[in-house]
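Here is the structure we will look at.
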2 protein chains.
Amino acid sequence: MEFLQRTGGHFSVEEIYRNVHKAFPSIGLTTVYRTLEVLVEMGLVSRLDFGDGKSRYELSSGSGGTHHHHLCCTGCGRIVDYQEFLEEEKKVIKNIEEALSRKHNFQINEHQIQFLGLCYDCRPKEAK
Amino acid sequence: MEFLQRTGGHFSVEEIYRNVHKAFPSIGLTTVYRTLEVLVEMGLVSRLDFGDGKSRYELSSGSGGTHHHHLCCTGCGRIVDYQEFLEEEKKVIKNIEEALSRKHNFQINEHQIQFLGLCYDCRPKEAK
DNA sequence: TTACTATTGATAATTGTTTTCATTAATATT
DNA sequence: AATATTAATGAAAACAATTATCAATAGTAA
Ligand SMILES: [Mn+2]
Ligand SMILES: [Mn+2]
Ligand SMILES: [Zn+2]
Ligand SMILES: [Zn+2]
């Protein structure tokens, strides 16, 4: 938790392990997996998937993180957090959640929104 | 493609393989992986991730599929497509895309929106 | 026909994650 | 304190989805 709080990033288990292990060399990879699982269950951490084959974790809004969405570069994997348009989004999302909830008899707990594209560096020259 | 068109569902590679292999027993799993990769590149098929550890594929809107978003049950994995509120969503999404694009210098190609929750069957009794 | 190239599928290798299990730490009970 | 009981831990093995390898085959050009 301290590592996620300090860095505020999106990290793979391996990355988290390496970092935590540096400070507490007795801690093993399995414990990192197990602990993350619990933290996600508790709602303190969010598991994310950006399509690179490994889960990533970040501080959830339930534990000091900001509620935000993601902009992902499919070229290099760069992730940009954004929350600027949340106000505008919020209303619509709320509406949709309620309507979907009613219509499909779902209890909606969470949503994930991500925009995929190419960052400036990854764009081909002629598209710049 | 024919299988995805006919069924309109979200299938894992294994599921697609089993089905295609029934009709064309000479086709191997590797070819299914390779072909899906190409189809995704071509924009005819979308790769989705619902967090169950395997990629799923569906017909993309670029090839006859409807543009829609997803409602996912974290209990049983059930997926509901919805598009009812796209009109309302569309405007906001368009705005956000433009603003993000400008601000972060991204070329946005795609977005994914999913709501996570529990379907009626998976909800605990007292929450019904 | 023949030479060359591209595609295929079986198999092996890789990789993120989960399971297993013996060891250790923590807690409860004498 | 001493002992029994239970829970937490990490190393190693097992697992599962995906990717790489490679010999065989199909397709194309000469
Ligand atoms: Mn984030
Ligand atoms: Mn769908
Ligand atoms: Zn990039
Ligand atoms: Zn369900």
Side-chain angles (χ1 to χ4, degrees), chain A residues 1-4 7 9-60 70 72-79 110 112 114 116, chain B residues 1-4 7 9-60 70 72-79 110 112 114 116:
Chain A
M1 282 301 285
E2 199 254 296
F3 169 62
L4 290 178
T7 60
H10 320 87
F11 295 102
S12 68
V13 175
E14 192 63 34
E15 288 167 335
I16 295 172
Y17 167 69
R18 271 207 300 276
N19 216 286
V20 171
H21 188 79
K22 231 187 301 169
F24 303 92
S26 79
I27 281 175
L29 180 60
T30 313
T31 296
V32 175
Y33 269 103
R34 273 191 291 237
T35 306
L36 283 169
E37 192 186 359
V38 173
L39 292 174
V40 169
E41 260 166 34
M42 291 169 66
L44 299 176
V45 168
S46 305
R47 187 209 314 271
L48 305 171
D49 194 300
F50 297 126
D52 63 342
K54 56 194 95 176
S55 301
R56 296 183 169 271
Y57 297 83
E58 74 173 359
L59 212 61
S60 86
H70 295 114
C72 319
C73 177
T74 51
C76 65
R78 184 178 305 186
I79 304 291
E110 206 184 330
Q112 282 189 18
Q114 42 186 271
L116 311 177
Chain B
M1 282 300 286
E2 199 255 295
F3 170 62
L4 290 178
T7 59
H10 322 85
F11 296 101
S12 68
V13 176
E14 192 62 35
E15 288 167 334
I16 295 172
Y17 166 69
R18 272 206 300 275
N19 217 285
V20 171
H21 188 80
K22 231 188 299 168
F24 303 93
S26 79
I27 282 175
L29 181 59
T30 313
T31 296
V32 176
Y33 269 103
R34 273 192 291 236
T35 306
L36 283 169
E37 191 185 1
V38 173
L39 292 173
V40 169
E41 260 166 34
M42 291 170 65
L44 298 176
V45 167
S46 305
R47 188 209 312 271
L48 305 171
D49 194 302
F50 297 127
D52 63 342
K54 58 193 94 176
S55 301
R56 297 185 167 270
Y57 297 83
E58 74 173 359
L59 211 62
S60 86
H70 294 113
C72 317
C73 176
T74 51
C76 65
R78 184 178 305 187
I79 304 293
E110 208 186 328
Q112 282 187 21
Q114 41 185 268
L116 311 177

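Lettering follows sequence order; numbering is per chain, from 1.
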**Message:** Please report the distance, rounded to the nearest Å, between CD in B:Glu14 and C1' in D:dA16.
**Reply:** 10 Å
**Prompt:** What pair of heavy atoms forms the shortest contact from A:Ile27 to A:His21, and how long is it?
**Reply:** O-ND1, 2.8 Å
**Prompt:** Once you round it to whole Å, what is the distance between P of C:dT14 and CG of A:Asp52?
**Reply:** 20 Å
**Request:** To the nearest Å, give me how far apart NZ (B:Lys54) and P (C:dT18) are.
**Result:** 13 Å
**Complete:** Of B:Pro25 and A:Gly53, the one whose nearest nucleotide on DNA chain C sits closer to the 5' end is B:Pro25
**Asked** In whole Å, what is the span from the CZ atom of A:Arg34 to the C1' atom of C:dC21?
**Response** 11 Å
**Request:** To the nearest Å, give me how far apart CG (A:Leu36) and P (C:dT18) are.
**Result:** 11 Å
**Message:** Before you tell me yes or no, could you show the steps for A:His70 and A:Glu58 under side-chain contact (heavy atoms from CB on, under 4.5 Å), namely the whole-Å CA-CA distance, both residues' side-chain angles and the distance that decides it to 0.1 Å?
**Reply:** CA-CA 12 Å; A:His70 295 114; A:Glu58 74 173 359; 3.5 Å; yes
**Request:** Nearest whole angstrom, please: distance from the C1' of D:dT18 to the CZ of B:Arg56.
**Result:** 15 Å
**Asked** With respect to the side chain of B:Thr30, which nucleotide from D:dT18, C:dT11, C:dT17 is positioned closest?
**Response** C:dT11
**Request:** Please say whether more than 12 non-hydrogen atoms of neighbouring residues, nucleotides or ligands are located less than 6.0 Å from CE in A:Met42.
**Result:** no
**Asked** What is the ring orientation for A:Phe11 with A:Phe3, classed by angle as parallel under 30°, tilted 30 to 60°, or perpendicular over 60°?
**Response** tilted
**Request:** Using a heavy-atom cut-off of under 4.0 Å over every strand shown, decide if A:Ser55 touches base, sugar-phosphate, or nothing.
**Result:** sugar-phosphate
**Request:** Rounded off to whole Å, could you give me the OH-to-P distance for the B:Tyr33 and D:dT21 pair?
**Result:** 17 Å
**Touch class at under 4.0 angstrom, heavy-atom based, for B:Ser26 against every strand present** = sugar-phosphate
**Prompt:** Please give, in whole Å, the distance from C:dT11 P to B:Leu29 CG?
**Reply:** 13 Å
